[in-house]
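So the structure is just underneath, and the comments pick up after that.
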Amino acid sequence: MIDAGAPRLKIAAYIAHPFHIMRLHSLLKSSLALLFLIGSLSGCKKEADEEPTPPPGGSGGGGYSVEVMVLNEAGFPLSGASVSSGSAQATSGANGTASLSSAPANDGKIVVKVELDGYFNGYRNVSVIGSSLHYCTVRLIEEQVIGTTDANTAGTINAADFRLELNGQGFQNGQGDPVTGTINVSARYINASDPDIIADLMPGGDFSAVGEFGEEGVLESYGFTAFGFTDDNGTQVFPNSGSAQVVMQLPQDAIDQINNEGANAWFFDDISGQWVFGGAITVSGTEVYMPVTSSGYGNCDKLRARGTIKAEFLCGTDPLINVEVKLRTTGAGFARTYNTSTNANGRILVEVAVNTSGSTYNVTIQTYSQSVTVMPNEIEDMGQVDACSGPPAPQPCPGMPTVTDIDGNVYNTVQIGGQCWMMENLRTSTYRNNTPIPNVTDSAQWVNLASGAWCNFNNTANDAILGKLYNWYAVDNAAGLCPLGWHVPAEDDWLTLINHLGGSSVAGGKMKSTGIQYWLAPNTGATNESGFSALPGGLRDTDGYFGGGTSKGQWWSATEFWQQPGAAAESYYMFSSSAEIYWAAQTNTFGFCVRCVAD
């Protein structure tokens, strides 16, 4: 909990597991352009009104079947969630899945709604194409009580990177009657630092919207909010018009985009599954002021023209069924990302925001990536795509296939995009200037260190494979931890690597060594197509105990997060149970692995 300074205010910091949602300052800015090896596969354009007619069994027939996966923000399954679409209903099981039958489609879309106590409602739009069976994933946003207020008293409730301002004009219940007494406020703000987060969590998922004058398009999102207001009986209430506004701290690149092209407020309509115009916003510095009109979702966005990307993904001649497909804009500028899943025939139909002159997207499925350019009001048909063709095998760094540290340990190297990385964790026991690094095995001594040290995981001689664990004082030592011409990667180095591999949601799988010889089963998503060859080196915590073992690998960054009190630095980590790479700020006495990258 963070003390907000208000007597009745309770705030929960927005620090969850995924790498991209643990940041409390601006992160992943315009550097989020993807740098994939892009194949060239010709497509043909159609006018958007030539979109394929939904197959029999859709709207007006027996309905569609939808397999829904319900997850929390960290990607773990949620059971007991109520899943519905029209009159079709189901409940998620222990593995987070729910099966809807006879789900209706309107205008070629199925609107899936998910409800679970303790979470804001989740929504996902599924575009129907060439199959009666579709799949989708809905990630729920956890409710966090940020404070309480009197229904008719002006005041401000502060959270980590946003605040709610109330002018005392009151609340009403669902019948329109005035409400008195204490109002409990739950809220979240999802900023645009990482487009992957927006794509995973934003209601609807396809960002479809209807403008002020009825014009249709797709939103470019600069961040959104979720608000819930209840009285002391837990009954939902609503702020009166003009009585509340949220003030959001936006990343600088989002502010620049808004100042250049403008943006408006938008609110999610859970019936149509679309965002609707909600009025003007006000910008002051890096803050955006936006009205709050109800319990639900609000958005600060730019309405852009709609384009559509269509494809049929195969592995050889077999359809790739229920496989995630990620679409992200390429090049400079504000990044837009969309996530979807292939249907029972391996097909996708995705609406995306496009500029008037067109926009280019990288379309990525598994290890395959292709670039396509989409024009306003047109369908870009990629046709049949064999997604198992895969990328080229990883290669050692040109002219430098190995590097040797001061102790004489030899490491293989791998070229990943424009970077040259060690393929193995560091295992030196000596700084670059030939000063020994103390080996500290005692837990009590480890936790009280204020200088560099190393140990092996579980104090066992396993460093030949897993490398050593170092505290951050060793990383930061001016004597140098990595070999000459190499350095411990800073934040920018890590982000360059992650973005090159397609973003935080998939990069971990592309970096993890395959199989379960070292990683705990099932070693989810591991392909090691990058050649990074990440192994679960475990960690040593601030009590001096070892953890992680075969389930986790964690690596220091050279970037300090804060100084005293409680000095901490950035780190990046992976789990055996996920294809994601995560981020965390950890105190300097933790012991993590180290990778080196060439200068």
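Given the structure is predicted, the values throughout are model-derived calculations rather than measurements.
Look at Lys326 and Asp196 and you find a salt bridge, because one of the NZ, NE, NH1 or NH2 atoms lies within 4.0 Å of a carboxylate O, short of that distance.
Relative orientation of the Tyr338 and Tyr361 rings is tilted, given thresholds of 30° and 60° on the angle between their planes. The aromatic rings of Phe532 and Trp494 sit tilted relative to each other, their planes meeting at an angle between 30° and 60°.
The backbone N or O of Asn412 lies less than 3.5 Å from a partner atom in the side chain of Glu424, making a donor-acceptor pair. For the pair Gln415 (side chain) and Gly417 (backbone), a donor-acceptor distance under 3.5 Å is present. Between the side chain of Lys512 and the main chain of Ser578, a donor-acceptor pair closer than 3.5 Å is present. Under a 3.5 Å cut-off, the side chain of Thr428 and the backbone N or O of Asp405 do not form any donor-acceptor pair. At distances below 3.5 Å, at least one donor-acceptor pair connects side-chain atoms of Trp472 with backbone N or O atoms of Ser557.
Listed by first and then second residue, the disulfide bond (SG atoms under 2.5 Å apart) pairs that reach into residues 491-534 come to none, sequence neighbours excluded. Listed by first then second residue, pairs satisfying disulfide bond (SG atoms under 2.5 Å apart) with a partner in residues 499-531 number zero, not counting sequence neighbours.
For Tyr411, the ring-ring contact (aromatic ring centres under 6.0 Å, His included) criterion is met by no residue, not counting sequence neighbours. Residues satisfying the salt bridge (Lys or Arg N to Asp or Glu O under 4.0 Å) criterion with Glu312, sequence neighbours excluded, are Arg347. Residues satisfying the salt bridge (Lys or Arg N to Asp or Glu O under 4.0 Å) test with Asp301, not counting sequence neighbours, are none. With sequence neighbours excluded, no residue forms a ring-ring contact (aromatic ring centres under 6.0 Å, His included) with Trp486.
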Verify side chain to side chain contact (heavy atoms under 4.5 Å, CB included) between Trp556 and Leu426, making sure each step is shown before the conclusion.
CA-CA 11 Å; Trp556 280 119; Leu426 193 66; over 6 Å; no

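Here the closest heavy-atom approach between residue Met574 and residue Gly508 is recorded as SD-O, 3.8 Å.
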